[in-house]
Amino acid sequence: LYSSAASDVYKRQITGNPILANLTGLENLNSVGKRFRIGNTLEDNLPDFTNLTSVGTDIVFYSNQNALLLNIPNVTGSLATDFMILSNASLVTLNAPLNLTSTGNDCFIVGNPNLENISGLENLTSVGRRFRITDTKEDVFPDFSNLTSVGTDIVIFNNCLLYTSDAADE
């Protein structure tokens, strides 16, 4: 069956493309009215999304198995729902939005086992539901001192190189 609602969702996503290996041209994006999702591609050199300053609903990057770098530093303001970086096996560096202030639902950086450099998110003040950073190699997180509200839970777990304080070793 054809559903115009379902079709509308897919028009705002690049997902379910297990042999897609080239996203050339997207580096010119300045804004996305609703969803900005890229998932399940073979792209190893994702476009530089430095020109992207506005996204309405969510930013989701998932299962891009060969991507090494994700650069989206200039998105400002709030996302109505989610900021999610999920299950990108080769991702090493994430330059997340520096001036993102809030998400309506979740902020997840989860299941990126080679991720060792996270920058951005320093101006994040609120997360509507869940805040999670798990399964990375990150050892120094961004400064989250502006984060004042998380709706349900915070999970920072299983980050391979995350050092504990000296007090914990005593």
Side-chain angles (χ1 to χ4, degrees), residues 5 8-15 26-27 29-40 46-64 67 69-88 91-165 167-168:
D8 191 43
V9 168
Y10 290 108
K11 289 179 184 175
R12 294 178 180 91
Q13 310 182 86
I14 300 171
T15 61
L26 292 179
E27 64 274 359
L29 282 173
N30 290 36
S31 68
V32 176
K34 288 192 177 184
R35 294 179 171 97
F36 185 49
R37 296 180 177 189
I38 297 178
N40 198 27
L46 288 171
D48 181 347
F49 296 109
T50 302
N51 292 326
L52 187 62
T53 59
S54 174
V55 175
T57 306
D58 59 32
I59 296 173
V60 180
F61 285 84
Y62 66 95
S63 299
N64 297 291
L69 165 69
L70 177 55
N71 194 32
I72 48 173
N74 296 321
V75 174
T76 62
S78 300
L79 294 173
T81 58
D82 305 311
F83 177 80
M84 294 185 169
I85 309 301
L86 306 169
S87 303
N88 298 286
L91 189 65
V92 173
T93 302
L94 168 62
N95 295 320
L98 177 61
N99 291 309
L100 182 66
T101 56
S102 67
T103 66
N105 286 335
D106 299 324
C107 180
F108 282 6
I109 301 172
V110 174
N112 302 286
N114 290 300
L115 183 58
E116 53 189 44
N117 301 305
I118 301 172
S119 66
L121 301 177
E122 285 90 344
N123 290 306
L124 191 63
T125 59
S126 68
V127 174
R129 288 185 32 194
R130 302 171 294 177
F131 180 77
R132 295 184 179 171
I133 300 176
T134 66
D135 305 309
T136 74
K137 281 187 177 179
E138 183 60 89
D139 61 345
V140 178
F141 287 103
D143 179 358
F144 292 117
S145 60
N146 289 319
L147 186 61
T148 58
S149 173
V150 175
T152 58
D153 61 32
I154 296 174
V155 176
I156 299 175
F157 178 76
N158 200 31
N159 295 289
C160 298
L161 297 178
L162 184 62
Y163 297 105
T164 58
S165 70

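Basis for what follows: all heavy atoms, side chains included, without hydrogens, waters or symmetry-related copies.
Interatomic distance, CD1 of I118 versus CD1 of I85, reported as 9.5 Å (0.5 Å rounding). The CD1 atom of I38 lies 5.5 Å from the CG atom of L26; values are rounded to the nearest 0.5 Å. For the atom pair M84 CE and N105 CG, the distance stands at 7.5 Å (nearest 0.5 Å). Put simply, CG on N112 and OG1 on T93 are 11.5 Å apart, with the number rounded to the nearest 0.5 Å. In this structure, CG in L46 is found 5.5 Å from CG in N64, a value given to the nearest 0.5 Å. L100 contributes atom CG, which lies 8.5 Å from atom OG1 of T76 (distance to the nearest 0.5 angstrom).
When all heavy atoms of N88 and F61 are compared, the closest pair comes out as ND2-O, 3.3 Å. For the pair V127 and C107, the tightest heavy-atom approach, listed with the atom from each and the gap, is CG1-N, 3.9 Å. Closest approach of S78 to T101, counting heavy atoms only: OG-OG1, 3.4 Å. The two atoms that bring R129 and V150 nearest to each other are O-CG1, 3.3 Å, heavy atoms only. The two residues T81 and D58 make their nearest non-hydrogen contact at OG1-CB, 3.2 Å.
Contact annotation: the side chain of L121 approaches that of I109 to within less than 4.5 Å [non-hydrogen atoms, C-beta and beyond]. Under the 4.5 Å side-chain criterion, counting only non-hydrogen atoms from C-beta, F83 is not in contact with L124. For the pair I59 and F49, the minimum side-chain heavy-atom distance is 4.5 Å or more. When side chains are defined from C-beta on, S149 does not count as touching T125, because their heavy atoms never get closer than 4.5 Å. Within the 4.5 Å cutoff, side-chain heavy atoms of E122 are placed close to those of L98.
Using bins of under 30°, 30° to 60° and over 60° for the plane-to-plane angle, the ring pair F131/F144 lands in the perpendicular bin.
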Inset, instruction - Go through the steps to decide whether D139 and E116 satisfy the test side-chain contact (heavy atoms from CB on, under 4.5 Å), and finish with yes or no. - result: CA-CA 7 Å; D139 61 345; E116 53 189 44; over 6 Å; no
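In terms of modelled atom types and a separation under 3.5 Å, the side chain of D135 and the main chain of P113 share no donor-acceptor contact. Here the side chain of S102 pairs no donor or acceptor atom with the backbone of S126 at under 3.5 angstrom. Judged by distance alone, the side chain of N51 and the main-chain N or O of E27 form a donor-acceptor pair under 3.5 Å. Distance alone, capped at 3.5 Å, is enough to place a donor-acceptor pair between the D82 side chain and the D106 backbone. Not a single donor-acceptor pair under 3.5 Å links the side chain of S63 to the backbone N or O of G39. Distance alone, capped at 3.5 Å, is enough to place a donor-acceptor pair between the N74 side chain and the T50 backbone. Under the 3.5 Å distance criterion, the side-chain polar atoms of N71 are left unmatched by any main-chain donor or acceptor of D48.
Looking only at atom types and distance, the side chain of T136 has a donor-acceptor partner in the side chain of N159 under 3.5 Å away. N95 and S119 are linked by a side-chain donor-acceptor pair at a separation below 3.5 angstrom, with hydrogens and angles left out of the test.
R132 and D153 are joined by a salt bridge, as a carboxylate oxygen and a charged side-chain nitrogen come within less than 4.0 angstrom of each other.
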